[in-house]
Amino acid sequence: MTTPELPTQYTPADVETRSYDRWVSEGYFQADPGSSREPYSLVLPPPNVTGVLHIGHALDHSIQDALSRRARMQGKETLWLPGMDHAGIATQNVVERKLGGEGLSRHDLGREAFIERVWQWKEQSGGAILGQMRKLGDGVDWSRERFTMDEGLSRAVQTIFKRLFDDGLIYRAERIINWCVRCHTALSDIEVEHSEDEGELVSIRYSDEIVVATTRAETMLGDTAVAVHPSDERYAHLIGTHVRLPLTGRSIPVVGDEHVDPEFGTGCVKVTPAHDPNDFEIGRRHSLPSVTVMDDRGIITAHGPFEGLDRFEARPAVVAALRAEGRIVAEKRPYLHSVGHCSRCKTVVEPRLSLQWFVNVSPLAKAAGDAVRDGRTRIHPPELAKRYFDWVDDMHDWCISRQLWWGHRIPVWYGPDGEVVCVGPDESAPEGYTQDPDVLDTWFSSALWPFSTLGWPERTPDLARFYPTSVLVTGYDILFFWVARMMMFGLYAMEGQPPFRVVALHGMVRDQYGKKMSKSFGNVVDPLDWVERFGADATRFTLLRGANPGADVAVSEEWAGGSRNFCNKIWNAIRFALMNGATVGELPADLTAADRWILSRLQHVIAAADAGFEEYEFAKVSDLLYHFAWDEVCDWYLELAKIQIAEGREGTRLVLGHVLDALLRLLHPLVPFVTEELWRAVTGGESAVVAAWPTADPRYTDPAAEAEIIALQELVTEVRRFRSDQGLKPGQRVAARLSGSPLGESENAVRSLLRLEPATEGFTPTARLAVGGVTVEIDTAGAIDVVAERKRLEKDLAVARKEAGQVAAKLGNEQFMAKAPDEVVAKVRGRAAQADEDIARLEAQLAALPSA
RNA sequence: GGACGAUUAGCUCAGCGGUAGAGCACUCGCCUUACAAGCGAGGGGUCACUGGUUCGAACCCAGUAUCGUCCACCA
């Protein structure tokens with residue numbers, strides 16, 4: 001065994017630069033589809049190539065790394081596949097902004113040169129992300145790194161598009177879509193964020209009898225009807241008549257439509273089919289024309305005085321003009337209403353009539369719902385499944401075309417006479433056809449990630465072996481964007497096999513007050529900053545300690561510091577063990593109670609850790625190991641081991657080695673760097689990465705030893721409490737006489753821990769403590785603070801009497817005795833006995849106190 | 001407008017039917033040769049409110065309040 005000199009303080013920067021390259025070059029993270037081991041696979045939610053990883057990614061990665069490292073240690077053929085997403089609109093925006101800084105627009109460059117620029121940016125930005133992942137210690141299979149715009153993944157996109165097209169599940173239609181006037185593209189419904197914004201609700205008189213209300217006055221230029229409820233008595237007689245539209249003088253019909261709520265406002269609605277989704281539907285039902293009054297930049301195109309104005313300039317201008325004509329009958333300002341914003345640039349989204357490509361999601365969404373309903377995929381925590389169903393069961397068709405340049409180009413070509421041809425991979429469009437200029441929504445290719453990365457549409461060994469993946473780990477915020485769509489496409493492309501068996505959702509990382517992190521608020525944590533200051537292990541451990549399933553994680557520097565301290569604690573425990581000759585080997589039969597106790601506790605901890613991992617309870621697992629390591633191993637066992645080693649007990653060295661070896665392996669998935677270093681030092685093994693995951697061994701379960709050590713702990717704590725209360729310095733030795741129930745071999749340990757001298761000639765006890773049948777008489781070699789001690793004993797006595805009273809009342813309650821389960825009654829009886837014992841003890845101690 | 005979640009110690013959170021817990025913070029005492037990034041001993045909570053179910057409720061049910069999140073085409 002090697003016994004390297006470990007410094008007294010652990011320095012994460014040193015430890016964390018040593019292992020990663022070796023892990024990769026040894027091929028530990030590289031999966032083999034040909035092995036006979038049970039497969040365990042997961043795909044990394046691909047970060048956007050645009051940015052750098054934020055603390056939320058660090059949480060996501062820490063969980064996945066923990067799961068995959070444990071699976072690997074369990075002997076499974078483990079694949080964690082990394083990669084990145086081209087993130088169409090987000091990336092294009094970033095590069096456009098950079099161009100803007102040079103005074104250029106993408107149009108100045110032209111499509112091809114612009115895309116070239118984006119690729120350059122991708123190389124640079126993507127590299128930064130890979131560096132971050134290495135620093136975090138992500139055990140991913142670099143040989144399988146993928147990018148959504150790779151050739152193979154692009155083939156997958158084209159293949160599934162063609163398949164969906166041929167199945168009639170992709171269609172092109174003129175619809176009202178969400179349009180971002182800044183990004184110049186259509187957006188899907190979920191790319192629109194709604195917020196309650198201030199606006200102005202104006203009521204406009206269209207005729208003597210008809211008043212309509214609107215928050216978007218400029219759209220009235222495109223009105224082609226007024227709608228009322230067909231059974232609204234006030235207006236029924238007007239249906240079929242016409243009114244003259246103010247400002248334009250156009251004559252528009254009054255129609256009756258069920259959509260109108262007679263209770264709301266005046267009961268009359270202006271109908272603008274080209275600029276409002278509801279109005280579009282009304283227009284369809286009544287064959288109304290659509291009049292477009294705004295272009296793709298939000299500039300008014302309707303001929304007249306407003307032409308050329310931006311929509312937000314036109315709005316007050318139109319209102320002013322109407323007021324001048326005496327048409328405004330009421331204004332409500334401020335008027336709070338829900339306004340959609342582009343999720344990328346926050347610009348107010350404009351509903352716009354436009355020709356776009358859509359996925360008919362009905363059959364796909366049904367299948368996606370069923371797969372979770374029948375348990376082929378389990379959503380964890382289950383509470384979040386309801387959200388998933390709500391979404392999947394009522395999904396609108398998905399607008400997939402984007403008027404962008406960066407992305408997968410829509411594989412549809414148009415002939416000179418309007419022919420439409422969808423071109424699959426390895427096919428080419430007929431001569432003279434031109435390709436649709438648009439690209440696909442970035443989530444279209446993300447939806448293929450779990451199988452496109454494994455080689456689909458080819459039938460590769462990876463696909464056969466690692467699909468469906470074992471688990472998907474991601475934040476609940478992209479349940480709809482991504483998870484639901486992977487489910488839809490996975491089930492469609494892979495003959496009903498869902499992309500993952502489990503979806504394990506985590507929350508968002510928040511600051512120490514539970515507030516959302518935002519750049520403007522200045523509370524954003526950069527994971528690399530923490531890695532530098534506290535270490536990657538501490539950063540990961542901090543995140544995992546807070547990771548309750550589906551719940552947000554509040555983190556702070558204090559927590560990170562605490563995690564760093566924990567790593568240091570482990571470091572020093574190992575340092576102590578190595579200095580004391582801890583070793584791994586066959587355990588002898590003659591072990592002390594302390595040895596048997598810690599071995600027994602270890603078995604419980606292994607079982608509990610397994611249970612926690614199975615349920616994705618990372619906070620529980622972290623907490624469990626934290627307390628086992630710190631409270632039990634370090635604070636008690638190590639202290640007892642010191643005494644036993646001084647006594648020359650060989651078994652203790654072996655137990656120490658055994659327990660620390662197992663503890664390091666248990667901790668390795670959570671804090672890989674420091675455990676790797678220490679585990680190699682303790683065991684001389686090759687690497688914790690490929691070490692076996694500990695399994696509980698019932699032979700070491702020992703309730704008697706556990707009871708014995710618990711009794712010892714209580715006794716020691718009580719005496720320490722006395723010493724502390726009495727102001728006896730820790731170093732001060734006092735004489736004591738122990739008697740009563742058998743402490744057996746532990747008496748020496750108790751004396752050592754408490755620095756109790758044997759009672760010799762002239763021993764005159766000044767205090768008598770009794771715990772669990774053991775009586776300790778102490779000669780403090782001087783007067784004790786009788787008043788303080790009496791006060792404390794009386795307080796404890798009062799507590800004990802109260803407890804005794806409560807418990808007696810319970811035992812005297814017939815209903816309780818009749819209905820409570822036996823184990824509960826037994827427990828209460830135990831409490832009664834304990835209370836009686838406490839009372840007797842405290843009374844005796846009080847009686848033994850010398851009078852003041 | 002719907003749906004879901006939360007409300008427990010100063011802060012962040014566990015506990016989800018049988019004696020209120022953790023980390024950090026706080027108080028007191030300690031440089032006890034693994035660790036002061038440490039050790040020992042403490043203080044601190046009518047578990048949001050009101051009812052109900054139960055022998056027994058932080059935990060189950062109903063309602064109220066306050067936060068939060070998601071979803072929504074009400075002009």
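Reminder, nothing fancy here: chain letters follow the sequence lines and each chain counts from 1. Owing to the predicted nature of the structure, the values given are computational and were not obtained by experimental measurement. Just so it is clear, the values below take in all heavy atoms, side chains as well, and ignore hydrogens, waters and symmetry mates.
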Given A/Val503, A/Leu384, A/Ile379, the one that forms side-chain contact (heavy atoms from CB on, under 4.5 Å) with A/Tyr476: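 Result for side-chain contact (heavy atoms from CB on, under 4.5 Å) with A/Tyr476: A/Leu384.
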Distance, rounded to the nearest Å, where [X] contributes [atom1] and [N] contributes [atom2]:
X	N	atom1	atom2	answer
A/Leu624	B/G23	CG	P	14 Å
A/Gln815	B/U53	CD	C1'	14 Å
A/Asp390	B/C70	CG	C1'	9 Å
A/Arg510	B/C11	CZ	C1'	16 Å
A/Asn572	B/C35	CG	P	6 Å

Which nucleotide sits closest to the side chain of [X]: [options]?
X	options	value
A/Gln9	B/C35, B/C55, B/A37	B/A37
A/Lys795	B/G18, B/G43, B/C35	B/G43
A/Glu803	B/A37, B/C74, B/U19	B/U19
A/Leu638	B/U12, B/G43, B/A34	B/A34

Can you find a side chain N or O atom of [X] that sits less than 4.0 Å from OP1 or OP2 on [N]?
X	N	answer
A/Thr717	B/A41	yes
A/Lys515	B/U69	no
A/Lys729	B/C30	yes
A/Gln512	B/C11	no
A/Asn565	B/G38	yes
A/Trp391	B/C4	no
A/Asn548	B/A14	yes
A/Lys642	B/A34	yes
A/Lys620	B/C13	no
A/Arg831	B/U19	yes

Sugar-phosphate only, base, or nothing, as touched by A/Lys386 at under 4.0 Å among non-hydrogen atoms: sugar-phosphate
Sugar-phosphate, base or nothing in reach of A/His627, heavy atoms under 4.0 Å: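 Counting heavy atoms under 4.0 Å across all strands, the contact made by A/His627 is with sugar-phosphate only.
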base_contact_polar (B/A37 base, A/Arg564 side chain, donor-acceptor, <3.5 Å):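 Looking at the base of B/A37, it does pair with a donor or acceptor on the side chain of A/Arg564 (distance under 3.5 Å).
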Pair A/Arg721 + A/Glu789, salt bridge at N-O below 4.0 Å: yes
A/Tyr335 and A/His337 aromatic ring geometry - parallel, tilted or perpendicular at 30°/60° bounds: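 Ring orientation, 0 to 90° scale: tilted.
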